[in-house]
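These numbers come from a predicted model, not from an experiment. Only this structure's heavy atoms are used, side chains among them; waters, hydrogens and symmetry mates stay out.
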Amino acid sequence: MRYREKLIFLLAVIILVVAMQLLLPGNPELVRLYSQYVFRPYQSLRNILFGSLPVSIGDLLYTVGFIILLLVIVRWVYFVVRFRTYRHHLWHSLIHTGTAIGVLYVLFFIGWGGNYYKPSLSEYWKLDMNTTESRHFLFAYDAWLVTQLNKLAPEYQGLRFREVDKRAQQYFRKYTDSRTRMHGINAKASIFGYFMQYFGIQGYYNPFTGEAQVNRFQPAFMLPFVVCHEMAHQSGVAAEDDANLLAYALGTVVPDPDFRYSAYFNLWLYTHSRVRALDSVRAAAHRDRLNPISLAHVDTLRDIRRRYKSDVGAYSGFLYDGYLRLHNQKEGIRSYNNVVETAWLFELRRKHTAAGLISIP
């Protein structure tokens, strides 16, 4: 009887998970209702509950979860070794674990996962993607970004994480129509910051607590872009290339040299890698025009990657790639790079459109 009750509950959870996966894709009205009546109020509530706390609750939950997972695995090993005596315990434990994973996925989907089925920012902003088919736009954009960096580098100062977080909150309130911006949207320094270096992680959004965590050990010139990227997730932007685009759009519109420099520098990293793959000679010529400050920043990133390079980072990248593909991001981890096209189109449109609030679906 206990087996049957537990299996029925597990089956109900599985059916609910499958139903959520099938209902939202291809149903824009249902996605809109999810965003307006589920995610936004839930995210605002989480911002209010956890935003003012100095420590990341999400980090603590992940730590506890990791410890519980280790204990469960140890129990499974013990049950397997003494299978005849503990076979019923093993089956019960497997059912409990499957049910717990299912419930967690339901909570994940309610608190965040539905956002993956929103229209992309390029669609929402009506950017004409057909104008980026030629590779020549890459060369033009790369050269243009070098020019912007050369203009801004003398004004760049470098801000501490807390100051970046404070300014980013103000800029989201002033320059975007984010529906969650008035309820404690902010970023926190992750307690895993040192270990994130080895995984190559700059920041992450916790779908259970709605918190934006950032690796505070990364260089100051990366922080404004990364913080805005994670706050974009708090505003309901799920796709990584869209979060990059929003961080770029916000970072380049504010009258703040550090934010503008960080936005242009990060986009140049994406763009320049694409140009180098197509035409290494042209890429080298563009790089030679770069100012000494930006060149030093490039060297800093190269040293960091060399220092913390490990197989762990490669494995974590593989797992994250699979996660993104599972949630409507067909290009997986490579989707980050798509911001090159959309940012260029955003710049072209900005030349002919009056400035206004940055609109977020």
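Contact check on D177 versus R179 returns a salt bridge, with a Lys/Arg side-chain nitrogen under 4.0 Å from an Asp/Glu carboxylate oxygen. With respect to K188 and E230, no salt bridge is recorded, no charged nitrogen being found less than 4.0 Å from a carboxylate O. A salt bridge is defined here as a Lys NZ or Arg NE, NH1 or NH2 lying under 4.0 Å from an Asp or Glu carboxylate O, and R302 with D299 meets this definition.
If you check the side chains of N150 and N291, you find a donor sitting under 3.5 Å from an acceptor. A donor-acceptor contact closer than 3.5 angstrom links the side chains of S93 and W76. With 3.5 Å as the limit, one finds no donor-acceptor pair spanning the side chains of Q43 and R40. Y34 and N27 form no side-chain donor-acceptor contact under 3.5 Å, judged by distance and modelled atom types alone. Residues N244 and E240 have side chains that never bring a donor and an acceptor to within less than 3.5 angstrom of each other. In this model, a donor atom of one side chain and an acceptor atom of the other lie less than 3.5 Å apart for Y117 and Q21. Looking only at atom types and distance, the side chain of T271 has no donor-acceptor partner in the side chain of D142 under 3.5 Å away.
For the pair R282 and F139, the cation-pi criterion (under 6.0 Å, within 45° of the ring axis) is fulfilled.
Taking the six-membered ring where the residue is Trp, the centroids of Y141 and W268 are separated by 6.0 Å or more. Aromatic rings from H297 and Y261 are positioned such that their centres are separated by under 6.0 Å. Between F221 and F225, the gap from one ring centroid to the other reaches at least 6.0 Å.
Enclosure of atom CZ in R216 is not indicated, since only 12 or fewer non-hydrogen atoms of other residues, nucleotides or ligands lie within 6.0 angstrom.
The only option from K166, R167, R160 that meets the side chain to side chain donor-acceptor pair (under 3.5 Å) definition with E163 turns out to be R167.
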